[in-house]
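Here the structure comes first, spelled out in structure tokens, and everything after it is commentary.
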Amino acid sequence: MRIALAGNPNSGKTTLFNAITGKIEYVGNWPGVTIARKEGDVKKALNKGGSKIRVIDLPGAYSLSPFTTEENITSEFVKNENPDVIINIIDVTNLSRSLFFTTQLLELGIPLVIALNKSDLLKKKGIVVNSLVLEKQLGCPVMETASTTGSGLLELIEQAKIVYGKTQSAPFTGYSKSASGQAADDKLKHERFAFVNQLVKEVEMRKVASSKQTIQDTADRIIANKILGIPIFGAIIYLVFSLSQTYLGPLFADYLVGWIDTLYDYTEGLMGAEVSPVLSSLLLDGIIGGVGAVMGFLPLIMVLFFLLALLEDSGYMARVAVVMDRYLKKVGLSGKSIIPMVIGTGCAIPGVMATRTIRDERQRRTTAMLTPFMPCGAKLPVIALFAGVFFSDAAWVGTSMYFVAILVIVVGALIVQRITNEGPSKSYFIMELPDYRLPSLKRALISMMSRAQAFIIRAATIILVCNAAVHIMQTFTWSFQVVEPGMENSSILASISSPFALLFIPLGFGVWQLAAAAIAGFIAKENVIGALAVVYGLTNFIDTEEFELVAGAGDVASVMGLTSVAALAYLMFNLFTPPCFAAIGAMNAEMDSKRWLWAGIGFQLGVGYTLAYFVYQFGTLITTGSLGAGVIPGLAGIAAFFSIIAYLIRRNDQKLRHDLKEAV
Amino acid sequence: MELTVAHNICKNNLSGTREESVKQNLNLTGVEINYPYKIKEIDTEDDNMKEFLFALGCYEGEKATVISILAENYVINVKDARYSINEELAKAILV
């Protein structure tokens with residue numbers, strides 16, 4: 001038996017899905033979190049003695065006429081894939097809108113069970129719903145549920161089993177297939193809503209009209225305020241960062257690093273002197289050292305994800321979209337573009353996929369191109385390391401990287417708009433504002449654990465393999481001889497990365513070790529840390545003696561031989577160049593155009609290089625009074641990048657003028 | 001803007017036209033806060049957007065209330081939900 005979950009956005013479908021299947025799919029308190037269908041089986045506790053029940057969670061939709069791509073998925077599924085039962089999830093505090101979709105679903109002939117979700121909020125909002133009357137009028141079972149507490153779920157599944165195999169009749173009788181055409185469609189729509197309005201009058205009692213001002217509205221006016229909106233956002237991000245990177249994170253990281261050290265020593269002792277030094281070095285410095293360096297940052301990332309999950313659950317993210325809309329509109333994006341970017345702080349891949357909720361093709365592609373600039377979970381250890389080693393105030397660096405990212409995105413969007421602008425057009429923005437709520441610690445913990453698990457799996461697979469490869473390439477020469485001490489430049493790794501290092505001279509980090517780490521970062525950004533640990537022979541970056549990140553910062557900095565300015569340039573380069581290959585794959589899928597993809601990658605490379613160049617050269621000028629090495633060649637490269645952009649902008653301007661003339 | 005509205009009202013009064021408010025082009029950007037207005041028309045060529053607004057219950061004959069104005073966004077109440085819409089969309093909802 002297959003059950004489809006369908007309902008309006010943010011009615012709690014995925015939370016209900018997670019509660020009945022025991023899965024941990026991504027949830028957030030804003031509309032449009034789920035963008036692809038998810039499947040799972042009803043867990044044993046809710047399906048006693050029954051045969052397997054498959055549940056399909058669908059993206060939220062307001063009606064069966066799709067508006068965006070992800071709504072299309074829902075509409076296609078319920079119409080064409082014949083689920084046995086549909087569970088229609090309704091936000092019970094918003095019957096008057098939700099039932100429109102319900103009446104459409106009831107016409108499909110598929111047995112339907114209604115879950116009146118969020119029923120725990122009824123009392124608080126002073127709403128009474130007579131579900132018995134609703135059940136009678138609609139001709140389908142109506143169950144009260146609260147997916148956040150799990151109440152009513154067992155009964156819901158039982159009802160789905162009872163209706164399985166039965167036919168469903170539609171209560172809305174205005175439906176007539178004989179008439180067709182625009183006028184008939186319009187009439188039908190209006191009749192449908194009239195039917196819903198009448199029904200709501202019969203079953204719902206509200207003590208307070210929903211149009212009355214509430215404390216939530218007052219909160220909105222402060223949080224999404226014209227002047228205060230951005231500073232509040234900044235303060236919250238700063239708080240998240242200082243907690244995860246300066247206070248709580250390092251506290252936990254300390255224990256973990258201690259264990260990794262113990263493992264290192266234990267393995268070293270276990271192997272003894274008989275194992276060949278090449279092999280033992282591969283295992284100890286390449287694998288345990290490299291992976292350990294990345295793993296050491298796990299606690300920082302877990303604290304960060306925990307805090308971000310709390311924020312997402314609170315309803316604040318939708319307000320961020322509102323605050324950002326006015327700025328993003330000016331650069332040709334929509335406020336909705338902020339959602340992929342927020343998701344991109346976890347990982348760029350789901351972030352890029354979330355661009356599906358944007359209707360306009362140009363805006364969607366631009367957002368997919370710019371979303372990877374947002375520092376993702378894999379880039380965090382890189383930020384944390386450099387912030388800790390080269391700057392004393394880690395939270396300040398982390399927070400500013402987010403704002404640099406936003407700035408890069410805004411400027412990037414402006415450039416893309418100037419290149420691809422198709423003339424003046426209206427841009428509408430509409431977003432449902434979910435209620436604020438007290439975030440659930442349990443949900444945040446679950447979200448944190450699932451992201452931590454993904455981090456560990458990556459560290460144990462792709463990062464481990466890459467670090468081993470880096471270590472092997474560093475140990476051997478092209479003739480497969482072990483590199484002699486003092487002859488490090490003859491290794492395979494050095495000879496591959498040296499040409500790239502030449503390109504990086506104007507950026508302040510023209511040594512092959514740093515070039516190798518940056519290149520490894522294209523496979524996965526955590527590799528930057530792992531590879532640095534391997535090439536510089538460092539075992540961990542977090543001090544075990546004191547409760548702080550990289551207390552021996554001076555040592556690490558001196559080993560790398562970088563000034564603070566060059567380190568910042570290196571950090572910028574790693575953050576703002578093209579993302580890992582997997583994210584580029586996601587960009588390819590969502591952009592659906594090779595031209596856009598290559599333009600995007602070229603643009604990301606240009607941005608990373610330009611930022612690093614100016615940070616290094618200006619920074620060096622300010623700190624030492626003279627410019628850094630390779631000013632002229634670097635400038636030439638950047639000039640080439642800018643002339644291509646200028647040429648493309650001029651070409652588009654000419655095209656626009658031409659179009660305008662033709663129109664006249 | 002107030003001047004334009006005043007001007008239109010004068011003009012309408014002089015010519016005694018019937019479809020007064022349509023000519024005045026009163027939309028959600030020019031209404032009182034916290035007061036429910038009956039929607040007269042959704043004035044857009046974007047049929048998809050019109051269809052979408054319909055599914056939310058935002059169509060001629062239904063009520064819309066402006067709850068607050070935040071920078072260039074309007075928080076409105078339609079049916080029992082709050083939406084944030086931008087100025088362009090607010091202008092398209094005639095009341």
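Chain A is the first sequence line, chain B the second, and so forth, proteins listed ahead of strands; every chain is numbered from 1.
- Residue B:Y74 does not touch chain A at all, counting heavy-atom pairs closer than 4.5 Å.
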Go through it in stages, so that I can follow the logic: the residues are B:K79 and A:F193, the test is side chain to side chain contact (heavy atoms under 4.5 Å, CB included), and I'd like the CA-CA distance, side-chain angles, deciding distance and then a yes or no. CA-CA 11 Å; B:K79 297 271 171 190; A:F193 242 128; 3.5 Å; yes

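- B:N73 touches chain A through its side chain: at least one heavy atom from C-beta onward sits under 4.5 Å away, while N, CA, C and O do not.
- Of all the listed residues (B:D46, B:T65, B:I33, B:I69), the one sharing the greatest number of non-hydrogen pairs under 4.5 Å with chain A is B:D46.
- Ranking A:K189, A:Q104, A:Q216 against chain B, the residue ahead of the rest is A:K189, based on heavy-atom pairs under 4.5 Å.
- Residues B:D43 and A:Y428 come closest through the heavy atom pair O-OH, 4.5 Å.
- Side chains of B:D80 and A:S210: a donor-acceptor N/O pair is present below 3.5 angstrom, by distance only.
- If you measure heavy-atom distances from A:T93 to chain B, the contacts under 4.5 Å come from the backbone alone.
- In this structure, no portion of A:R319 lies under 4.5 Å from any heavy atom of chain B.
- Annotation: the span from B:I67 atom CD1 to A:S211 atom OG amounts to 6.0 Å, rounded to 0.5 Å.
- Within the 4.5 angstrom heavy-atom criterion, only side-chain atoms of B:L53, from C-beta onward, approach chain A.
- Interface residue B:S84: backbone and side-chain heavy atoms are both found under 4.5 Å from chain A.
- Test B:F52, B:Y83, B:F54 against A:Y62 for ring-ring contact (aromatic ring centres under 6.0 Å, His included) and you get one pass: B:F52.
- Remark: B:L70 CG to A:I222 CD1 distance equals 11.0 Å, nearest 0.5 Å.
- More than 12 heavy-atom neighbours from other residues, nucleotides or ligands sit within 6.0 angstrom of NZ on B:K50.
- Heavy-atom distances place no part of B:A90 under 4.5 Å from chain A, backbone and side chain included.
- For B:E62, the part lying near chain A is the side chain, with the backbone staying farther off; criterion is any non-hydrogen pair under 4.5 Å.
- Within 6.0 Å of the NZ atom in A:K330, the count of heavy atoms belonging to other residues, nucleotides or ligands exceeds 12.
- Comparing A:R221, A:K226, A:K212 by how many heavy-atom pairs each has under 4.5 Å with chain B, the most go to A:R221.
- With a 4.5 Å cut-off on non-hydrogen atoms, B:N77 touches chain A through its side chain but not through its backbone.
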Evaluate the side chain to side chain contact (heavy atoms under 4.5 Å, CB included) criterion for residues A:R97 and B:L56: first the C-alpha distance (whole Å), next the side-chain angles of each, then the deciding distance (0.1 Å), finally the verdict. CA-CA 6 Å; A:R97 183 191 67 207; B:L56 303 181; 4.0 Å; yes

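- Salt bridge A:K329/B:E88: absent, no basic N to carboxylate O contact under 4.0 Å.
- The choice from A:D217, A:N8, A:D91 that makes the most heavy-atom pairs within less than 4.5 Å of chain B is A:D217.
- Atom CD of B:E72 is separated from atom OH of A:Y327 by 8.5 Å, given to the nearest 0.5 angstrom.
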